[in-house]
There are 2 protein chains.
Amino acid sequence: MGVQRKTKTGEQILAAFGDSKEALSAKMLLSRIEQRVNKTTVYRMLDKLEDDGVVHSFSGDGNVKYYARCHACSDTMHLHSHPHFQCVSCDKVRCLDFEVPLTTPLNLQVTESQILLKGHCEHCSS
Amino acid sequence: MGVQRKTKTGEQILAAFGDSKEALSAKMLLSRIEQRVNKTTVYRMLDKLEDDGVVHSFSGDGNVKYYARCHACSDTMHLHSHPHFQCVSCDKVRCLDFEVPLTTPLNLQVTESQILLKGHCEHCSS
DNA sequence: TTGATTAACGCAACTAAGTTGCATTAAATT
DNA sequence: AATTTAATGCAACTTAGTTGCGTTAATCAA
């Protein structure tokens, strides 16, 4: 079950994401939220937001879970064949706004896909 | 620095992988190895094998690191644009033997890519 | 074959991400 | 205002992976 009540934590998490395509870990969110919030609360709220199709998650570098705002999802339909990019210098992660056409083997029922690209972002290229 | 000496742990890890495309976590490897080996040893050996380009790693479900034998890599060249597939029923992970053509944005210097597909494998499809 | 060198190892203690149980707080509803 | 229960905070926990350090064993040279 997703979000049921309007709370400060929920508002602040969504405010932290804003309209950007940046992906944030629970830790990053905690440091960005002004109001003192417990990490458990953040994890639970992120779960609920993901249930509702408001955010989506994926595994970034160092086996850390990242969350980002969804832009074309509902609680019934999740379409995330867009790649994510993580800069190995500044560690920022974000959604890339194009889709990767994935042809999957006929013998496999693929229900979800995650594409993570790593490298240097435009600000960190030497 | 990679592997320098031929040891039982190294042999057993490679034996556990065999020639298959299956990917294994450190935990799975530990349970497959007959001889009693410490987990630290396994983690360290996997690091060295990865340095040598003998195995490659990626982040699977639940933020667990998986390792698989490389088939076209050396210690200087790593080519892993092949996807990995994880069955959400039996949890097995493996390399898929085709490449995904990734067109990456010009402003980003992509040095590595990870593609993880999740779903039901041929044995777990209902 | 023996002795020296040091890579590889085992162990214990640690870190960091994420989870769980439970008592408390505060939205929403009556 | 009273009631209901979703959301919260806290402490304790789990699990993956790491680190420091003393010991073992692979390799190599005498």
Side-chain angles (χ1 to χ4, degrees), chain A residues 1-16 23-52 54-68 75 84 86 88 91-93 114 116, chain B residues 1-16 23-52 54-68 75 84 86 88 91-93 114 116:
Chain A
M1 207 169 350
V3 177
Q4 312 252 2
R5 295 180 183 178
K6 182 159 286 185
T7 62
K8 284 178 186 170
T9 311
E11 283 171 31
Q12 301 226 37
I13 288 178
L14 291 185
L24 302 171
S25 65
K27 195 183 178 186
M28 291 162 87
L29 276 166
L30 274 164
S31 73
R32 287 199 187 192
I33 292 177
E34 312 280 313
Q35 182 201 16
R36 218 177 59 63
V37 186
N38 192 273
K39 65 170 180 171
T40 310
T41 305
V42 170
Y43 280 116
R44 285 198 275 233
M45 181 57 65
L46 286 168
D47 272 353
K48 287 171 203 160
L49 290 171
E50 190 164 19
D51 269 4
D52 290 339
V54 175
V55 302
H56 62 284
S57 71
F58 56 95
S59 197
D61 205 34
N63 297 325
V64 174
K65 204 170 177 182
Y66 283 84
Y67 298 86
D75 59 343
H84 297 107
Q86 179 158 29
V88 296
D91 249 22
K92 278 197 180 171
V93 188
Q114 288 186 11
L116 180 67
Chain B
M1 208 167 353
V3 178
Q4 312 251 2
R5 293 180 183 178
K6 183 160 286 187
T7 63
K8 283 178 188 171
T9 311
E11 282 171 31
Q12 300 225 39
I13 288 178
L14 291 184
L24 303 170
S25 66
K27 194 183 178 186
M28 291 161 86
L29 275 166
L30 273 164
S31 72
R32 287 200 188 190
I33 291 176
E34 313 278 314
Q35 182 200 14
R36 218 178 61 60
V37 186
N38 191 273
K39 65 170 179 169
T40 308
T41 306
V42 170
Y43 281 114
R44 285 198 273 232
M45 183 54 67
L46 286 168
D47 273 355
K48 287 172 202 159
L49 290 171
E50 192 165 18
D51 268 4
D52 289 340
V54 175
V55 302
H56 62 284
S57 71
F58 56 94
S59 197
D61 205 33
N63 298 324
V64 173
K65 204 170 178 182
Y66 283 84
Y67 298 84
D75 59 342
H84 297 107
Q86 180 159 27
V88 295
D91 248 24
K92 278 197 179 169
V93 189
Q114 288 187 12
L116 181 67

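Proteins come first, then strands; the chains are lettered A, B, ... in the order of their sequence lines, and each starts at number 1.
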(request) State whether the number of non-hydrogen atoms from other residues, nucleotides or ligands found under 6.0 Å of Gln35(B) atom CD is greater than 12. (result)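 More than 12 within 6.0 Å, yes.
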Contact under 4.0 Å: [X] side-chain N or O vs [N] OP1/OP2:
X	N	answer
Ser25(B)	dA16(D)	no
Tyr43(B)	dT18(D)	no
Thr7(A)	dA7(D)	no

Under 3.5 Å donor-acceptor pair, [X] side-chain atoms to [N] base atoms:
X	N	result
Arg44(A)	dG9(D)	yes
Lys39(B)	dG17(D)	yes
Arg5(B)	dT6(C)	yes

Minimum-distance nucleotide (side-chain atoms of [X] versus [options]):
X	options	value
Met45(A)	dG18(C), dG9(D), dA7(D)	dA7(D)
Thr40(A)	dA17(C), dT20(C), dG10(C)	dT20(C)
Asn63(B)	dG10(C), dG18(C), dA28(C)	dG18(C)
Thr9(B)	dC9(C), dC10(D), dG10(C)	dC9(C)
Gln4(B)	dA8(C), dC9(C), dA7(D)	dA8(C)

(request) Locate the shortest heavy-atom distance separating Gln114(A) from Ser57(A); write the atom from each residue and the value. (result)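 Scanning both residues, the minimum pair turns out to be NE2-O, 4.1 Å.
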(message) Quick check: on DNA chain C, is the nucleotide nearest Gly2(B) upstream (toward 5') of the one nearest Val64(A), or the reverse? Name the residue that is more 5'.
(response)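 By nearest-heavy-atom nucleotide position, the 5'-most residue is Gly2(B).
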(message) For Met1(B) and Asn38(B), find the nucleotide of DNA chain C closest to each by heavy atoms; which residue's nucleotide sits nearer the 5' end?
(response)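 Nearest-nucleotide comparison on DNA chain C picks Met1(B).
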Output the rounded distance in Å from [atom1] ([X]) to [atom2] ([N]).
X	N	atom1	atom2	answer
Lys65(A)	dT15(D)	NZ	P	17 Å
Gln35(A)	dA26(C)	CD	P	11 Å
Arg36(A)	dT25(C)	CZ	P	14 Å
Asp51(B)	dA8(C)	CG	C1'	15 Å
Glu50(A)	dG18(C)	CD	P	12 Å
Leu30(B)	dC9(C)	CG	P	12 Å
Asp47(B)	dA16(D)	CG	P	17 Å
Lys48(A)	dA7(D)	NZ	C1'	5 Å

(request) Indicate yes or no: at least one non-hydrogen side-chain atom of Tyr67(A) is less than 4.5 angstrom from one of Ile13(A). (result)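 SC-SC contact between Tyr67(A) and Ile13(A) ruled out.
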(request) Would you indicate whether the side-chain heavy atoms of Leu14(A) and Leu49(A) approach each other to under 4.5 Å? (result)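 Sidechains of Leu14(A) and Leu49(A): in contact.
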(request) Without swapping roles, check the side chain of Gln86(B) against the backbone of Gly60(B) for a donor-acceptor pair under 3.5 Å. (result)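 Not at all, since once roles are kept as given, no pair shorter than 3.5 Å links the two residues.
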(message) Would Met45(A) and Val3(A) count as a side-chain contact (heavy atoms from CB on, under 4.5 Å) here? Give the steps.
(response) CA-CA 8 Å; Met45(A) 181 57 65; Val3(A) 177; 3.9 Å; yes
